[in-house]
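What follows is a set of notes on a single structure, which appears directly below.
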Amino acid sequence: MTLYQLECFIQVAETLSFVGAAQKLCITQPAITYQIRSLEKEISVILFERNTRSCKLTAAGQAFYQDMVQLLSYHRLAVQKAQDISRAERSHLVVGIRKLFDYDRMAQMVTSFNMNLPRATVDIMPQNDAKPLEDLRNGRIDLGFFYSSEHNECSDISFLPLYELHYYVLMNPNHPLAKRSSLLLSDLKGEAVVTAGSVASFLSACQGPSLAQLKEAGIDISHSAPSFEGALIMLQAGKAMLILPVLPLAVVPGMVKIPLLQYPPVHIELGWMKQDTRLEIFTFVNIAKKLYESL
């Protein structure tokens, strides 16, 4: 019994016409007749009651049809799945990442992805804090991480909530405030906080305290860092502090992080274009989902 015989049988069963089935399959009516007769002979079952004008399924033919429709459906799905995996294994996935992201779990995601699709490659690229959605829409990245505050209704993008970040004040361990269990913005009066450059766009992206709020609290906002790395160096040198949303369990080497109580958590989401239905996209999404569900 061949798949071609089953295709012929299903077409005749659904059209109840040998001529109609032949037209759908773009073959001759005698060819359809030959395939059905061969099938009936092989399985020793009469599938159709025929006369010169019409045909109909026998009871055995009706039962055979219901099972064979499912069988062919499973066959098509199996072929499609194999083709998707074969293509995905040769693909190239670009994933965006944000500053102070959960780097350890990102490494776990990439490792799991490579175990599922060993021949696929993954590149990690820094995202633009000022216009992160553009990276996704212009194809610079295939997947990215976003703060829920960065979007409202995006009909073209799918988002998967992953985890929360809480606001902390990062500072040198030798600072007098480093032993506090928590801080309010008012506790930072007279202190220097890095707010310029990439740090400013980062705070804006995740809706942290505005420059106006910092200034109103009497905080020195004159310290500028052209890069995020530059801001971290200023912290380590004890010249300024930094206000950022960070994972509660995250450890920032060489610094102390103290909870800032006045601001709600920031929700982190994984995003991808809805029209991108590649297997490798959903493989990575499912890995991220399972990883953070297990925490």
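Owing to the predicted nature of the structure, the values given are computational and were not obtained by experimental measurement. As a basis for the values below, the full set of heavy atoms in this structure was taken, side chains included, without hydrogen atoms, waters or symmetry mates.
Ser38 places a side-chain N or O within 3.5 Å of a backbone atom of Tyr34 that can act as its donor or acceptor partner. A donor-acceptor pair is defined here as one N or O able to donate and one able to accept, closer than 3.5 Å; no such pair exists between the side chain of Lys24 and the backbone of Cys8. A distance-only check finds a donor-acceptor pair linking the side chain of Thr58 to the backbone of Ile46 [under 3.5 Å]. Using modelled atom types, one side-chain atom of Asp187 and one backbone atom of Leu184 make a donor-acceptor pair closer than 3.5 Å.
Between Ser112 and Lys290, the closest side-chain pair of non-hydrogen atoms is not below 4.5 Å. You'll find the side chain of His92 reaches within 4.5 Å of the side chain of Asp123, heavy atoms only. Side-chain contact check for Ile281 versus Met273: every heavy-atom pair is 4.5 Å or farther apart. Here the side chains of Ile36 and Arg50 are in contact, with some heavy-atom distance below 4.5 Å. Between Leu143 and Asp276, every side-chain heavy-atom pair lies at or beyond the 4.5 Å cut-off. By the 4.5 Å heavy-atom criterion applied to side chains, Asn116 and Phe284 are not counted as neighbours. No side-chain heavy atom of Pro161 sits under 4.5 Å from any side-chain heavy atom of His267. In this structure the side chain of Glu134 never reaches within 4.5 angstrom of the side chain of Asn128, judged on heavy atoms.
Atoms CE and CE, from Met171 and Met241 in turn, are 4.0 Å apart once rounded to the nearest 0.5 Å. Atoms CD and CG, on Glu191 and Leu214 in that order, are 12.5 Å from each other to the nearest 0.5 Å. Distance check: Glu7 CD to Leu3 CG gives 7.5 Å after rounding to the nearest 0.5 Å. Distance CZ/Phe18 to CD/Gln11: 12.5 Å, rounded to 0.5 Å. Atom OH of Tyr103 sits about 11.5 Å away from atom CD1 of Ile124, to the nearest 0.5 Å. Note that CG of Leu93 and OG1 of Thr283 are 9.0 Å apart. Values are rounded to the nearest 0.5 Å.
Across all non-hydrogen atoms, the minimal contact from Ala288 to Leu162 is O-CD2, 4.0 Å. Of all the heavy atoms in Pro253 and Val251, the pair that sits closest is CD-O, 3.4 Å. Minimum interatomic distance between Pro173 and Gly254 (heavy atoms only, all atoms of both residues): CD-O, 3.4 Å. The nearest pair of heavy atoms linking Gln127 to Gly96 is OE1-C, 3.1 Å. The two residues Phe48 and Glu40 come nearest to each other via the heavy atoms N-OE2, 3.4 Å. The two atoms that bring Ile258 and Arg180 nearest to each other are CG2-O, 3.5 Å, heavy atoms only.
Linking Ile, Leu, Val, Met, Phe, Trp and Tyr whenever their side-chain heavy atoms come within less than 4.5 Å leaves Phe159 and Leu291 in two separate clusters. In the hydrophobic cluster analysis, where Ile, Leu, Val, Met, Phe, Trp and Tyr join through side-chain heavy atoms closer than 4.5 angstrom, Leu71 is grouped together with Leu57. A chain of hydrophobic side-chain contacts below 4.5 Å, direct or via other Ile, Leu, Val, Met, Phe, Trp or Tyr residues, connects Ile43 to Met68. Residues Met109 and Phe113 are members of one and the same hydrophobic cluster, defined by side-chain heavy-atom contacts under 4.5 angstrom among Ile, Leu, Val, Met, Phe, Trp and Tyr. No path of Ile, Leu, Val, Met, Phe, Trp and Tyr side chains, each step under 4.5 Å between heavy atoms, connects Met125 with Ile97, placing them in separate hydrophobic clusters.
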- Task: Apply side-chain contact (heavy atoms from CB on, under 4.5 Å) to Phe64 and Leu6, showing your working.
- Result: CA-CA 10 Å; Phe64 189 70; Leu6 293 180; 4.1 Å; yes

- Pair Val246-Leu170, side-chain contact (heavy atoms from CB on, under 4.5 Å): steps then yes or no: CA-CA 10 Å; Val246 183; Leu170 276 65; 4.2 Å; yes

- Item | Steps toward side chain to side chain donor-acceptor pair (under 3.5 Å) verdict (Thr33, Gln29) | CA-CA 6 Å; Thr33 301; Gln29 183 268 329; 2.7 Å; yes

- Trace of the side-chain contact (heavy atoms from CB on, under 4.5 Å) decision for Phe145 with Val95: CA-CA 9 Å; Phe145 294 88; Val95 181; 3.9 Å; yes

- Could you give me the CA-CA distance, side-chain angles and deciding distance for Ile157 and Trp272, then say whether side-chain contact (heavy atoms from CB on, under 4.5 Å) is met? CA-CA 6 Å; Ile157 301 175; Trp272 65 98; over 6 Å; no

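Between Tyr292 and Tyr163, the ring planes are parallel. Angles under 30° get that label, and only those over 60° would be called perpendicular.
Exactly one residue among Lys274, Arg137, Gln275 makes a side-chain hydrogen bond (donor to acceptor under 3.5 Å, both in side chains) with Asp156. That residue is Arg137. Remark: of the listed residues Ile268, Asp135, Leu136, Leu270, Leu136 is the sole one forming a side-chain contact (heavy atoms from CB on, under 4.5 Å) with Phe146. With Val169 as the partner, the side-chain contact (heavy atoms from CB on, under 4.5 Å) test is satisfied by one option alone out of Leu242, Leu188, Leu177: Leu188.
Counting only N and O atoms by type, the side chains of Tyr65 and Glu14 include a donor and acceptor under 3.5 Å apart.
In this structure, Glu216 places its CD atom where only 12 or fewer heavy-atom neighbours from other residues, nucleotides or ligands lie under 6.0 Å away.
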